[in-house]
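One structure below.
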Amino acid sequence: MVAKLEPTARAELLASLPGWREVDGRDAIEKTFRFTDFKAAFAFMTRVAITADGQDHHPEWSNVYNRVTILLSTHDADGLTERDAKLARVIEEAATGTGLQG
Ligand SMILES: C[C@H](O)[C@H](O)[C@H]1CNC2=NC(N)=NC(=O)C2=N1
């Protein structure tokens with residue numbers, strides 16, 4: 001059973017991840033990415049999907065045209081864990097220089 005992040009680790013994680021924020025009412029973090037167009041957004045989602053599946057840790061996400069909103073939490077722990085931290089860092093890499101509008 002994976003352990004939830006301690007408050008200090010959680011704060012350090014949020015400080016290290018640009019634009020991610022805590023979700024009201026859930027032990028989770030969330031960010032919306034905005035791309036130049038739908039194709040750039042979907043290409044980003046494809047890259048993330050492949051890596052996430054390889055880590056066996058999956059995002060909760062939605063896509064509207066050029067925007068992708070991603071929520072991370074660990075279902076098995078009902079909260080934020082190191083698995084979410086690892087996937088958030090992968091997501092940030094996958095978004096870099098790929099038609100990202102910020
Ligand atoms: C059986 C499978 O390994 C588990 O259900 C994995 C799949 N992907 C997952 N993704 C997330 N976000 N949390 C989990 O606890 C989780 N568990």
Side-chain angles (χ1 to χ4, degrees):
M1 176 73 166
V2 60
K4 288 187 186 180
L5 290 179
E6 296 295 328
T8 307
R10 185 192 180 88
E12 287 169 354
L13 176 65
L14 279 166
S16 71
L17 292 173
W20 290 81
R21 62 180 185 81
E22 295 188 276
V23 178
D24 293 340
R26 278 198 66 177
D27 189 8
I29 56 173
E30 186 179 67
K31 178 174 181 178
T32 295
F33 295 83
R34 187 183 302 273
F35 295 88
T36 49
D37 57 22
F38 175 74
K39 290 193 297 293
F42 199 81
F44 161 73
M45 293 179 78
T46 302
R47 281 192 299 283
V48 170
I50 292 166
T51 305
D53 206 47
Q55 291 178 356
D56 192 30
H57 197 69
H58 304 85
E60 297 174 37
W61 54 2
S62 61
N63 161 238
V64 178
Y65 179 54
N66 67 327
R67 293 190 311 280
V68 180
T69 297
I70 303 179
L71 183 147
L72 299 179
S73 187
T74 301
H75 312 142
D76 295 343
D78 195 23
L80 207 56
T81 71
E82 184 53 39
R83 292 178 188 169
D84 302 302
K86 182 179 177 184
L87 184 54
R89 288 190 281 269
V90 164
I91 288 169
E92 286 296 321
E93 285 172 25
T96 305
T98 57
L100 191 63
Q101 273 188 347

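For the numbers below, each heavy atom of this structure counts, side chains included, while hydrogens, waters and symmetry mates do not. Everything quoted here is computed from the prediction, not taken from an experiment.
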- Message: Quick check for you: to the nearest 0.5 Å, what is the distance between Phe33 atom CZ and Met45 atom CE?
- Response: 11.5 Å
- Item | Min side-chain heavy-atom separation Thr69-Trp61 under 4.5 Å | no
- Spacing of NE2 belonging to His75 relative to OG1 belonging to Thr81, to within rounding of 0.5 Å: 10.0 Å
- Query: Do Lys31 and Trp20 come within less than 4.5 Å of each other through their side chains, counting heavy atoms only?
  - Reply: yes
- Query: Tell me, do Asp53 and His58 make a side-chain contact under 4.5 Å, heavy atoms counted?
  - Reply: yes
- Message: With heavy-atom distances below 4.5 Å as the criterion, would you say the side chains of Leu5 and Leu13 are in contact?
- Response: yes
- Give, for atom CZ of Arg89 and atom OG1 of Thr51, the distance between the pair rounded to the nearest 0.5 Å. 14.0 Å
- Test applied, side chain to side chain contact (heavy atoms under 4.5 Å, CB included); reference residue, Val90; option that passes from Arg47, Gln55, His57: Gln55
- Output the distance between atom CG (Leu71) and atom CD1 (Ile29), rounded to the nearest 0.5 Å. 8.5 Å
- Task: May I ask you to say whether Lys4 pairs ionically with Glu82, meaning some side-chain N is under 4.0 Å from a carboxylate O?
- Result: no
- Item | Under 3.5 Å: donor-acceptor pair, side chain of Thr74, backbone of Leu80 | no
- Task: Give the intermediate values and the outcome of side chain to side chain contact (heavy atoms under 4.5 Å, CB included) for residues Ile70 and Glu30.
- Result: CA-CA 5 Å; Ile70 303 179; Glu30 186 179 67; over 6 Å; no
- Within-4.5 Å side-chain heavy-atom neighbours: Asn66 and Thr36: no
- Message: Check this for me: does any side-chain nitrogen of one of Glu22 and Arg10 sit under 4.0 Å from a carboxylate oxygen of the other?
- Response: yes
- Transitively linked via ILVMFWY side-chain contacts under 4.5 Å: Tyr65 with Phe42? yes
- Measure the shortest side-chain to side-chain distance between Arg67 and Gln101 over non-hydrogen atoms and say whether it is less than 4.5 angstrom. no
- Side-chain heavy-atom pair Asn63, Phe38 within 4.5 angstrom cut-off: yes
- Should Ser62 and Val68 count as side-chain neighbours, where that means a heavy-atom distance under 4.5 Å? no
- Distance, nearest 0.5 Å, that separates CZ of Arg83 from CG of Leu72: 13.5 Å
- Query: Is the backbone of Glu92 close enough, under 3.5 Å, to the side chain of Thr96 for a donor and an acceptor to pair up by distance?
  - Reply: yes
- Which distance, rounded to the nearest 0.5 Å, do you find between the CZ of Arg26 and the OG of Ser73? 5.0 Å
